[in-house]
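Accompanying notes for the structure given below.
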Amino acid sequence: MSEILLHPTYFPSIVQMVAAVHAQKVIFEVQDNYQKQTYRNRAHIAHANGRLMLNVPIRRSGDGSRQKTRDVVPERNFPWQQEHWKSIQIAYRTSPFFEYYEDELQPLFSEPVESLLQHNLRIYKLLCELLGWNIAFETTTEYQKEPSVTDLRYLVESKKEKKYDLDEYIQVHHGNHGFLANLSVLDLLCNEGPNALTYLEAQEIKFN
């Protein structure tokens, strides 16, 4: 793929990162209306009991009107960052590479978050650094229903998520519940470390 259009998500899924590493240019949609129950504010990790969702609580607009994604603010009266970090530590403290990335990840859960969009873009930049993959991205200046580039914005959907044929890799909780596909790329990093980028590049997915 040459140029792709994606939504910035909270700790993007493996499939979304597969799309990104196979693209020549990544463009992030930042002019859309915010929609609930999508990967804009949620991610899945592997826990001892199976798939665990990390959800960023969103502050509602004062008048109840629809918000632009760029204007969405996470809830400040709930310690979601501390809870997410604790869940990640419990989930991956015995994984091969969590300690290797822990210091870089920790500020994402301790420094104040004023904008969900900017936080997601920051996460994406850091994940690219940890993967050892360097590619610049752009952001949209207007919303286009039918863009001229490959439109993969549907990857943000969590309820209507498609199933993809991904290679299995050893997960730290594999013995408890088997392989869990298409979790956050954070799971791949903690389990595969420096090999994570090679894994992403090796996946062959035919996107619509």
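Position 1 is the first residue of the sequence, and the numbers go up from there.
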### Query
Checking side-chain contact (heavy atoms from CB on, under 4.5 Å) against Tyr199, which of Val18, Ile14, Val185 comes through?
Ile14
### Task
Please report the closest heavy-atom contact between Asp167 and Phe179, naming both atoms and the distance.
O-CZ, 3.8 Å
### Summary
All heavy atoms of Ser95 vs all of Tyr92, minimum pair found to be OG-O, 2.6 Å
### Query
Which of these passes side chain to side chain donor-acceptor pair (under 3.5 Å) with Gln171: Asn176, Asn191, Asp187?
Asp187
### Message
With side chain to side chain donor-acceptor pair (under 3.5 Å) as the test, pick out the partner of Thr69 among Asp32, Thr38, Asn41.
### Response
Asp32
I'd like to know if the side chain of [X] and the backbone of [Y] have a donor-acceptor N/O pair within less than 3.5 Å.
X	Y	result
Arg93	Ile88	no
Tyr10	Leu116	no
His84	Asn55	yes

Ring centres of [X] and [Y] under 6.0 Å apart?
X	Y	result
Tyr169	Phe97	no
Phe11	Tyr39	no
Phe98	Trp85	yes

### Task
Answer yes or no: is there an ion pair linking Arg76 with Glu114, defined by an N-O contact shorter than 4.0 Å?
yes
### Lys125 to Phe137 six-membered ring, cation-pi geometry met (6.0 Å, 45°)
no
### Query
Which of parallel (below 30°), tilted (30 to 60°) and perpendicular (above 60°) describes His177 and His173?
tilted
